[in-house]
Amino acid sequence: MKYDFKKIESKWQKVWQNEGVYEPNLKEDKNSTLRPVRPAQGKRAQGKKASPFYNLMMFPYPSAEGLHVGNAYAFVGSDIYGRFRRMNCNDVFEPIGLDGFGIHSENYALKIGVHPAKQAKISEKRFYKQLASLGNGFSWDEKLETYDPAYYKWTQWIFTQLFKKGLAYRKKQPVNWCPSCKTVLADEQVIQKRQETRDKRQGITFGVCERCDTKVIKKELEQWFFKITDYAEKLLKNIDGLDWSEKVKVAQRNWLGKSEGAEIDFEIKTKEKPNFVLLHGYNGSPKGNFRPWLKKELEKKGYKVSVPALPNSKNPKVAEQVEYVLKHAKFDKNTVLLGHSLGAIVALKVLEKLKQPVWRSVLVAGFVENKFLDHDRFDENTFDWKFNAKRIRANVGDLHILRDTTDEVVPPDQAKKLQNLFGGAVAEFAAQEPHMCGKQEPEVLRSCVDSIRVFTTRPDTLFGATYMVLSPENPLIQNLESRIQNLVEVKKYIKKAKAKSEEEKIAEGQVKTGVELKGIKAINPANGKEIPIWIADYVLTGYGTGAIMAVPAHDERDFEFAKKYRLPIINVIEPETGKSLPNEEYRRSIVAIVEDVKTGKFLTLNWGQKLGGTLFIGGGIENGEDEIKAAIREIKEETGYIDVKFVAKTERMHHHYFAFSKNVGRNINAVGLHFHLSGDKKEDTKLQEYEKFEIEWLTKEEILQKVEDENHILSFRRLILGEIYIGSGKMANSGKFNGLDSETAKWEITKFVGGKRKTQFRLRDWLISRQRYWGAPIPMVYCEKCAASGKGERKEMPGWYSVPENKLPVKLPFVKDFRPKGTGKSPLATVKSFYETKCPKCGGKARRETDVSDTFLDSAWYFLRYPSTRSARSGQVPWDKEITKKWLPVNMYIGGAEHSVLHLLYSRFLTMFFKDIKLTNFDEPFTKFRAHGLLIKEGAKMSKSKGNVVNPDKYIKNFGADTLRMYLMFLAPFEQGGDFRDAGILGIKRFLERVWKMGTQATFAEHPANNRKIKQALHATIKKVTEDIGELRYNTAISALMILLNEFEANPGNVTKDDFENFLKLLAPFAPHITEELWYRTQINADGHADKRRYISENLRSNQRKSAFRSIHLEKWPEYDKNLAKSETFTLVIQVNGKVRDSVEAPSGIGKEEAEKLALNSEKVKNIIKSGTAKKTIYVPGRLINLVV
RNA sequence: GGGCGAGUGGCGGAAUUGGCAUACGCGUACGCUUCAGGAGCGUAUGGAGAAAUCCUUGAGGGUUCAAAUCCCUCCUCGCCCACCA
């Protein structure tokens, strides 16, 4: 009978679906005879409930031209695992859905000119049909699509929950902008590409859009962010406990990028010293609030401070107070005038009257209108509330407006109004006490005396900080503008850096550029030295504080920059290698590297392996000698060369080693010296007995290969390769810290300069906003009226409200022209009926947020929804609590390696958040994760642009789903990926044809004469296949099945029906249709009810589930018998001196003596070993024997 | 530049607590069968050699009775990250 795969496959796909073979018991209320909670067969299964197993594969983007063989590869691989678990007594849930919201799908819709909403329906149908044809055990009842309003209602709801907990916020920031997609991209979605150049070493890179490969530019926009950084520590810590591939774990750790270091403030010094006038506010005095503290701090720094006691502070008249201030305080061009609250108004009025500008003005919680949040404080007599803005602007100097985001007195719009009137910069932050009334307000001090805060992982190198660098976007630069002497040049650099086009960046490459801020200096807090301040774009704005202390002696980037701009380099760490000998004194010594300039080779002494290998010339320094003299003497004594010229030397190194030639341990302080050989003249050497070495001249490469001594190689790297030392060691040039171990010194120095230990993460907050159409609208509303009065759902974000749950989803309206506009706004911003709405609080006119959320948000929680999609409560809750408790976390998650950072990280973040707000009871969403490999086509990545995308339909049509499935899995290990070539698929087809032939034509023996060999092969195969599937090594599992079939065919009379049935079960996860058909046939033949075939098809139509036949996919997985799996004999390999000479069949379990006897009996061995005995015998039980003669 | 991983027949790959290198499959050659289909079956198939035998896991070196596997140096390729202080 012919193997008609088409008929078989479509038949069983229908049966499975109608019988609900792959529908798990999501709740305890479903029933079917075909369910995995099985009644009969298999003693183990009896009476025992199958435990839930959530087997998940990442859902696909249905944006492409249909399913791709790469999708098929991934889904089949996941399905095999699921089927394996199902046969191992698990109730397996294997859902499927589509991630069809987002830029991928929208771009595809744009390309083919169909509206994405329409295209989604077309793609959906097509994808599901194609997925079904693979024969996977999907739970088709629980599909979901991310663009379904029933789904994105909850995506939006999650957004509102994050907002309520302060984890969703808005921020203006230069963001990555893709000019082609016309939307912002998260940092993660920008791929760094290397420009092709002749010189490969020059690392010229530029960012391109993940989706369309367009070069990304920077744009400043206000955006929504999720505060994923709040979970950085937990995201990192939990990684250790996950059963994920190590590679993915490493990638996640790197992405989080934790580093331990310190934050240190460097004070800024300008040419002339400022003096301070501090004005208190309403009902205050020089002793009130924070001013005594501020005065003390300023005086400690050596500044003059005056704090006038303003008259009638309880019943103030501003004119009177201004008079008083002008009389009691002195103002000049170096004055810093600070006013708190009403004092800020006094300050402004004072400025109006001054003849000349002050250096700086600081308005702390100031205001311009007689409007307050608590009540109206001041009557009309206080003053006229009119300002001469022109005069104030002229005198105000560098203006700082400080606003407390938790202020309970001053309305939040006042700071903005002050800025509009008088210019300056607004700094917003949460004060220690509302209205900045704390006993200490460090931010206030920071705005009075400028300092640069840096983050460093190497506070131990602080004494070596010889300059500082600010990133071009650092806001401090603006504050200091008035003191920068070369402002024009600086501004030019900033402008260039900010708007740096990709072309320019490419032209510049990694060459560092920068410009010094002239007229200002920073003070190194360790030694009080003045150091220059630079701005350079090698310092990033988004990391740490956007400023660094540069230690060119111990940091490669700083070193490169310092070399280019001739900045001083001070060494503060001396290398230390080996383990120190406690009771040994330190000897001063040298390492001399002699270079022959003509040949470019270096003089080395080869002492032989036992005597320390290859070394440069070394030796001690004798009394009265300096390092150079000692080195010259040693060169002469050991090699005879006398014409050497000193070139350079290293700093001191601490070294602990064992001196082989003298047979003693030593502590030494060594200095490496570089000499040029200037002549070949040699004198006789006076070598001692023990000084046995060969002189060798070696090239650079050879030295790196042969010289192992750390001390010597360090000298070579420093002197010849010009590398700097970035490791740890002993402190030097660091005052009282000299000699200390640098690891200890890190925290001692931090303490010494008043710095703070700080943990810094590389991870940034998650940028959510997308200026596109095809996505879930961000469910937020902005009310201008509420904003003006400081009202809002969250204090720190006046005017913003989340859409209440009963108003969700915010449906995406149908917009005919959905193309991105490139204005920085979503197409939704053109739809009045969409954005016009009412304020949920005051009912007034309000505006909806028109951006949509990042696609990654859609996919960051879908696994939680799957089991609950068809639950009765699915409209009221995002997920059913009971079901979730039963089915989550996901037991096995398989997906592409390209998602090993972002998608998994975002999912983990949300899962942790859900647990924190008590929606779930687990921290981690995916217990086990494995990344499948990439399927390539004839050596190249499959891509639409290359036109080499393989559509699986053709293969299913020509060969059948079973053949395609097995072929894909046979290519290579599943986690490695494979190369899809047409050649080779015939091998699998032949295999299945042979299986078919055996299943339909063979007559199985009932009592075979010799079944032992077959049983042994079968049980060995069960073992192998079971282990391999567990490790996703499907290729070797299939190979084992082929070997077993070969064995069956070679012994036709000895195979029982039971043997063959076990074989079918092992094959079932790989080829579900053919095995089901053959299984069905064996079952029928067994009890002679030939009409059962009809019975099941009738059943299909009547939908009665009374079938006596049970699917092979619900059968119990075979178990192997350890004893049967073992062979009775084995091939004893006989080696002589490690070479294979013969092999004999020997009974399993023989001992060494018997094996030796067998070996020595071999004719071939006798020919080689004439003596007939072996000096030594190594016997590896069950494998080989090696005779050494 | 950093991190991770990989280099084995003509090809995909197997063998990793060190123990017969090249399983399984493709391809190829020859033969059989078949009115012929790109089918089926059988045999052979790492290289050199008439043979004994020798050589062979990217290159070189080391450890070991024994190395694809462990160690060192280098080369090549792939993936990820990339001025993260």
Side-chain angles (χ1 to χ4, degrees), chain A residues 191-192 194 200-203 205 207 246-248 250-251 253-255 257-259 261 454-458 461 469 471 510-512 536-540 542-551 554-558 560-561 609 701-702 704-706 708 760-764 897-898 900-901 933-934 936 941 966-967 970-973 976-991 993-994 997 1033 1035-1043 1046 1131-1143 1167 1174-1189:
Chain A
I191 312 295
Q192 291 299 312
R194 184 179 284 262
K200 266 195 170 177
R201 288 179 58 103
Q202 214 181 356
T205 61
E246 207 44 47
K247 217 180 152 166
V248 175
V250 169
R253 282 194 198 100
N254 289 347
W255 194 264
K258 181 178 179 172
S259 29
V454 301
F455 171 73
T456 176
T457 55
R458 296 296 303 272
T461 63
V469 189
S471 81
Q510 299 292 82
V511 180
K512 292 183 176 46
D537 62 4
Y538 84 91
V539 172
L540 307 174
Y543 183 79
T545 59
I548 61 153
M549 65 178 209
V551 185
H554 304 291
D555 181 282
E556 281 170 35
R557 294 152 301 179
D558 298 341
E560 193 192 320
F561 193 78
Q609 266 320 310
E701 291 72 28
E702 286 167 330
L704 290 171
Q705 252 186 64
K706 291 191 175 168
E708 279 169 27
Q760 184 72 44
F761 283 89
R762 206 190 80 116
L763 179 77
R764 317 275 159 95
E898 68 273 22
S900 53
V901 178
L934 194 70
I936 56 172
K941 209 169 168 170
M966 284 192 77
Y967 177 59
F970 187 60
L971 285 171
Q976 185 189 304
D979 192 347
F980 189 90
R981 290 162 203 245
D982 288 1
I985 196 163
L986 283 175
I988 296 292
K989 203 185 161 216
R990 278 177 206 143
F991 170 73
E993 294 270 10
R994 280 159 59 204
K997 204 167 140 192
R1033 291 189 305 247
N1035 58 332
T1036 47
I1038 292 170
S1039 150
L1041 289 167
M1042 288 172 165
I1043 295 169
N1046 289 347
T1131 313
L1132 176 70
V1133 174
I1134 303 164
Q1135 292 185 341
V1136 179
N1137 289 336
K1139 288 200 167 163
V1140 180
R1141 294 299 172 185
D1142 202 0
S1143 63
N1167 283 338
K1175 231 193 285 176
K1176 192 177 164 189
T1177 312
I1178 295 105
Y1179 175 58
V1180 183
R1183 286 190 185 269
L1184 63 67
I1185 183 158
N1186 188 9
L1187 308 170
V1188 185
V1189 289

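Please read all numbers here as calculations on a predicted model, not as lab measurements. Naming: A, B, ... by sequence-line order, numbering from 1 per chain.
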- Note on the structure: The side-chain contact (heavy atoms from CB on, under 4.5 Å) partner of Val1188(A) among Val1136(A), Ile1178(A), Thr1177(A) is Ile1178(A)
- Comparing Ala1040(A) and Glu556(A) on RNA chain B - which has the more 5′ nearest nucleotide: Glu556(A)
- Message: Assuming nearest nucleotide by heavy-atom distance, tell me which of Ala251(A) and Tyr543(A) is located more 5' along RNA chain B.
- Response: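 Final value for this comparison: Ala251(A).
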Taking all non-hydrogen atoms of both residues, which atom of [X] and which atom of [Y] are closest, and how far apart?
| X | Y | value |
| --- | --- | --- |
| Asp558(A) | Ala550(A) | OD2-CA, 3.3 Å |
| Gly984(A) | Tyr967(A) | C-CE1, 3.6 Å |
| Ala972(A) | Gly978(A) | CB-CA, 4.3 Å |
| Tyr543(A) | Phe761(A) | CE1-O, 3.6 Å |
| Tyr538(A) | Ile548(A) | OH-CD1, 3.8 Å |

In whole angstrom, give me the gap between the [atom1] atoms of [N] and [M].
| N | M | atom1 | answer |
| --- | --- | --- | --- |
| U56(B) | A66(B) | P | 15 Å |
| C4(B) | C74(B) | P | 15 Å |
| G9(B) | C24(B) | C1' | 14 Å |
| G42(B) | G25(B) | P | 11 Å |
| G37(B) | G47(B) | C1' | 37 Å |
| U43(B) | A51(B) | C1' | 23 Å |
| C72(B) | A82(B) | P | 29 Å |
| U69(B) | A14(B) | C1' | 14 Å |

What is the separation between atom [atom1] on [X] and atom [atom2] on [N], rounded to the nearest whole Å?
| X | N | atom1 | atom2 | result |
| --- | --- | --- | --- | --- |
| Arg1141(A) | U53(B) | CZ | P | 7 Å |
| Leu1041(A) | G25(B) | CG | P | 12 Å |
| Arg1183(A) | A67(B) | CZ | P | 16 Å |
| Asp1142(A) | G19(B) | CG | C1' | 17 Å |
| Glu993(A) | G38(B) | CD | C1' | 14 Å |
| Ile936(A) | G12(B) | CD1 | P | 10 Å |
| Arg764(A) | A82(B) | CZ | C1' | 12 Å |
| Lys1139(A) | U64(B) | NZ | C1' | 15 Å |

- Item | Anti/syn call for G38(B), syn if |chi| within 90° | anti
- Message: Within 90° of 0 counts as syn, otherwise anti: where does G37(B) fall?
- Response: syn
For [N], does either OP1 or OP2 sit under 4.0 Å from a side-chain N or O belonging to [X]?
| X | N | answer |
| --- | --- | --- |
| Asn1046(A) | G25(B) | yes |
| Tyr538(A) | A85(B) | no |
| Asn1035(A) | A14(B) | yes |
| Arg990(A) | G27(B) | yes |
| Gln976(A) | G78(B) | no |
| Ser259(A) | A85(B) | yes |
| Arg981(A) | G27(B) | no |

- Task: Answer with yes or no whether Lys247(A) presents, from its side chain, a donor or acceptor under 3.5 Å of a partner atom in the base of C79(B).
- Result: no
State, yes or no, whether a side-chain contact exists between [X] and [Y] at a heavy-atom distance under 4.5 Å.
| X | Y | result |
| --- | --- | --- |
| Tyr1179(A) | Leu1132(A) | yes |
| Asn1046(A) | Arg994(A) | yes |
| Ile988(A) | Met1042(A) | yes |

[X] side chain, from C-beta outward: closest of [options]:
| X | options | answer |
| --- | --- | --- |
| Arg762(A) | A82(B), A14(B), C65(B) | A82(B) |
| Val250(A) | G3(B), A85(B), C24(B) | G3(B) |
| Asp537(A) | G13(B), C83(B), C20(B) | C83(B) |
| Thr456(A) | A85(B), G19(B), A23(B) | A85(B) |

- Message: Using the rule given for side-chain contact (heavy atoms from CB on, under 4.5 Å), can you reason through Met549(A) versus Thr461(A), listing the C-alpha separation, both sets of side-chain angles and the distance that settles it, and then say yes or no?
- Response: CA-CA 10 Å; Met549(A) 65 178 209; Thr461(A) 63; 3.7 Å; yes
- Query: Across the strands shown, which category fits Val551(A) at heavy-atom distances under 4.0 angstrom: base, sugar-phosphate, nothing?
  - Reply: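 Nothing: the residue Val551(A), judged by heavy atoms under 4.0 Å, touches no strand.
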- Query: In which stems does RNA chain B show up, taking only runs of three or more Watson-Crick or G-U wobble pairs whose two distances fall under 3.5 Å?
  - Reply: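 If one scans RNA chain B for consecutive Watson-Crick or G-U pairs, the stems found are B:1-7 with B:75-81, B:10-12 with B:24-26, B:27-32 with B:40-45, B:46-48 with B:53-55, B:58-62 with B:70-74.
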